[in-house]
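Below you'll find the structure, written out as structure tokens, and then a few comments.
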Amino acid sequence: MSTHDDDKPFLITGTGSETVAPGLHILRGQGQSFVAETDAGLVVIDAGPGGGVTRGMIDSLRRISDAPVHALVYSHGHIGYNAGVPEWLAHAQQRGDPAPRVIAHRNVPRRYARYRETQALQHRMAEVQFNRSPGFFEHRLTMHAPTETFDERLVIGSGDRRVELFWAPSETDDAIALWSPAQRVLYGGPSLLDSIPNIGTPFRTLRDTVRWAETLEAMAALRPLKAVREFGPVIEGEDAVQRVLGHTARALRWLRAEVVALMNEGLNEQQVLARIRFPDELFAAPWMKPTYGDPSYIVRDIYRSENGWWDRNPTTLHPEAPEAVAEAVAGAISDKAGLVASARALADAGQWQLALHVIDLLATAPGDAPEIAEARALKAAWLRERAGQVQSYVSRNLYRVSAEMIEQGTQARFGIR
């Protein structure tokens with residue numbers, strides 16, 4: 001798989017640091033890490049992905065402060081954000097400082113156990129989602145266990161220099177945030193982005209839409225003067241913070257209510273997706289851009305939170321193997337050239353998605369018959385066209401990577417059809 005100029009390392013936010021308030025700083029790495037100067041020492045949230053990025057973070061920190069690092073804190077349990085823990089520990093040792101505490105929410109070890117069990121799957125999913133070559137993540141998705149965990153809240157430091165770590169379930173059930181009560185500065189971690197909340201991502205497990213809204217509302221109740229995002233610019237001013245947090249929470253609650261109402265009408269997932277409309281007053285705000293996730297992803301997650309896996313078609317309850325089904329369907333189509341021509345006509349009219357639905361009747365079939373090979377080539381080309389129509393980084397990559405796999409004949413390795 002290749003990489004694309006507009007999809008260069010998406011999670012790396014740059015280099016250097018930014019002071020948010022006295023003693024409170026952003027460190028740029030994989031996402032925006034955060035540093036708080038407390039009377040116990042420095043508290044660093046997220047060690048970075050390791051290698052040159054983490055070394056750059058350490059160098060940036062040392063231009064800010066020479067104090068020992070008291071604690072390394074995991075903002076959440078997604079792999080990569082804290083792959084750089086060994087570099088920070090080695091740095092403390094080289095300075096003769098005590099080893100920093102390595103702190104995470106109590107759910108992180110359970111997540112790491114699941115990731116170890118499904119390691120090959122995690123690597124394959126990451127390769128597709130981030131459009132990287134096979135094997136790219138084998139030495140990058142490393143996990144380092146925390147030395148201590150907490151449940152709801154943990155205070156570090158005292159007086160005006162204390163900070164509070166608190167559970168902020170959102171993108172993960174192990175996400176945390178940091179609150180500086182003296183300066184009323186919030187670091188939101190993965191709960192706070194400059195795009196629509198990352199719920200319902202195609203490869204990942206279920207995320208709780210309402211719980212994310214509750215986390216944003218709890219943060220708003222602190223009345224922050226500034227809010228630091230994991231990705232995106234700092235939100236400046238109490239009114240702006242209230243507007244962003246409250247608006248996002250309302251949009252998530254609206255989605256839940258709307259999807260539930262449509263499910264109560266008896267609509268299945270595809271029908272819900274076809275019916276729902278996303279009002280501009282909620283979804284046209286700058287911080288709700290679908291640059292990574294997408295509102296339709298959230299719809300799917302809400303739907304599957306209340307439903308089983310059945311798509312309401314009795315044929316799919318006990319299906320045959322997909323290759324056998326595709327072969328039988330292709331064999332039943334007597335006018336394969338006519339089907340290809342119909343799909344081409346849809347594509348020529350710019351209806352790429354409908355063209356894909358039609359061409360799939362042949363493109364998913366096994367074998368190298370000329371019509372099947374032509375259908376696969378057309379599918380790959382039209383997937384690239386669809387990639388140009390969507391804003392979501394994840395969707396673009398899934399279309400592009402799938403096209404490349406189809407052309408290379410490697411799609412079976414990933415279960416792509």
Side-chain angles (χ1 to χ4, degrees), residues 10-13 29-34 45-49 73-83 103-112 114-115 118 122 125-126 129-130 141 143 146 149-150 152 165-179 186-220 227-232 235 244-245 247-249 251-253 255-256 287-302 304-305 392-395 397:
F10 188 86
L11 300 178
I12 304 300
T13 56
Q30 181 162 320
Q32 294 186 145
S33 298
F34 196 71
I45 298 188
D46 286 344
V73 182
Y74 293 16
S75 70
H76 65 305
H78 279 164
I79 311 175
Y81 287 86
N82 284 285
I103 302 170
H105 186 264
R106 66 178 175 89
N107 288 337
V108 165
R110 183 175 60 189
R111 175 177 298 274
Y112 278 7
R114 179 166 63 82
Y115 284 168
T118 61
Q122 299 299 326
M125 290 192 302
Q129 182 167 323
F130 297 105
L141 296 184
M143 292 170 281
T149 62
F150 71 98
E152 295 286 342
L165 307 175
F166 63 93
W167 186 40
S170 47
E171 185 170 358
T172 63
D173 66 353
D174 50 32
I176 63 99
L178 179 146
W179 172 239
L186 169 73
Y187 173 73
S191 68
L192 195 53
L193 315 169
D194 65 342
S195 60
I196 195 165
N198 188 24
I199 300 169
T201 179
F203 271 136
R204 308 299 171 179
T205 53
L206 188 69
R207 294 169 181 176
D208 192 322
T209 304
V210 172
R211 187 170 66 178
W212 196 320
E214 290 170 346
T215 291
L216 296 174
E217 289 161 351
M219 289 177 171
V228 179
R229 295 170 161 119
E230 185 180 61
F231 292 93
I235 308 171
V244 172
L245 297 182
H247 180 114
T248 307
L252 294 181
R253 289 189 179 278
L255 278 168
R256 168 73 189 186
W287 55 87
M288 296 295 287
K289 300 185 301 294
T291 52
Y292 191 84
D294 187 274
S296 68
Y297 289 0
I298 304 178
V299 168
R300 289 177 182 269
D301 240 23
I302 295 168
R304 63 182 175 140
S305 73
S392 166
Y393 168 87
V394 175
S395 291
N397 275 353

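Quick caveat: nothing in here was measured; it's all calculated off a predicted structure.
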Minimum side-chain heavy-atom gap Gln30-Leu11 below 4.5 Å = yes
request  = Kindly indicate, with the supporting measurements, whether the criterion side chain to side chain contact (heavy atoms under 4.5 Å, CB included) is fulfilled by Thr215 and Trp167.
outcome  = CA-CA 9 Å; Thr215 291; Trp167 186 40; over 6 Å; no
task = Would you indicate whether the side-chain heavy atoms of Thr201 and Gln129 approach each other to under 4.5 Å?
result = yes
ask   = Side chains of Ser75 and Tyr187: is there a donor and an acceptor less than 3.5 Å apart?
value = no
ask   = Going by the angle between their ring planes, with limits at 30° and 60°, are Tyr112 and Tyr74 parallel, tilted or perpendicular?
value = tilted
Distance, nearest 0.5 Å, that separates CG of Leu206 from CD1 of Ile302 = 10.0 Å
inquiry  = Any heavy-atom pair between the side chains of Val394 and Phe203 that's under 4.5 Å?
reply    = no
task = On the 0 to 90° scale, with breaks at 30° and 60°, tag the Phe130-Tyr393 ring pair as parallel, tilted or perpendicular.
result = tilted
query = Taking the side chain as C-beta and beyond, is there a heavy-atom pair between Arg253 and Glu217 under 4.5 Å?
reply = yes
note = Output for pair (Leu178 CG, Phe34 CZ), nearest 0.5 Å, gives 6.0 Å
ask   = Would Leu186 and Val228 count as a side chain to side chain contact (heavy atoms under 4.5 Å, CB included) if you check the C-alpha gap in whole Å, the side-chain angles of each, and the deciding distance to 0.1 Å?
value = CA-CA 6 Å; Leu186 169 73; Val228 179; over 6 Å; no
request  = With rounding to the nearest 0.5 Å, note down the distance linking CZ in Arg106 to CD1 in Ile176.
outcome  = 15.0 Å
inquiry  = For a quick test of reading the model, state the closest non-hydrogen atom pair linking Arg256 to Ser305 and the distance between them.
reply    = NH1-OG, 3.5 Å
ask   = Is a donor on one side and an acceptor on the other found under 3.5 Å between the side chain of Ser170 and the backbone of Ala168?
value = yes
ask   = Ser392 side chain to Ser395 main-chain N or O, any donor-acceptor pair under 3.5 Å?
value = yes
If you look only at distance, which donor and acceptor atoms sit under 3.5 Å apart when one is on a side chain in residues 189-198 and the other is two or more places apart or in another chain?
| residue | atom | partner | partner atom | Å |
| --- | --- | --- | --- | --- |
| Ser191 | OG | Gly188 | O | 2.7 |
| Asn198 | ND2 | Glu171 | OE2 | 3.0 |

Thr209 side chain to Leu252 backbone, donor-acceptor under 3.5 Å = no
task = Just do the side chain to side chain contact (heavy atoms under 4.5 Å, CB included) check on Arg204 and Met125 with the steps written out, would you?
result = CA-CA 9 Å; Arg204 308 299 171 179; Met125 290 192 302; 3.4 Å; yes
remark   = Rounded to the nearest 0.5 Å, the CZ atom of Arg304 sits from the CZ atom of Arg207 at a distance of 9.0 Å
ask   = Asn107 side chain to Asp173 main-chain N or O, any donor-acceptor pair under 3.5 Å?
value = yes
Side chain to side chain, Met288 and His247, heavy atoms closer than 4.5 Å = yes
inquiry  = Any heavy-atom pair between the side chains of Asp174 and Arg110 that's under 4.5 Å?
reply    = no
Spatial distance of atom CE (Met219) from atom CD (Glu214) [nearest 0.5 Å] = 13.0 Å
ask   = Any donor-acceptor pair under 3.5 Å linking the side chain of Gln32 with the backbone of Arg229?
value = yes
ask   = Do Val108 and Thr149 come close enough that some side-chain heavy atom pair is under 4.5 Å?
value = no
request  = Would you confirm whether Thr13, through its side chain, and Gly31, through its main-chain N or O, come within 3.5 Å as a donor-acceptor pair?
outcome  = yes
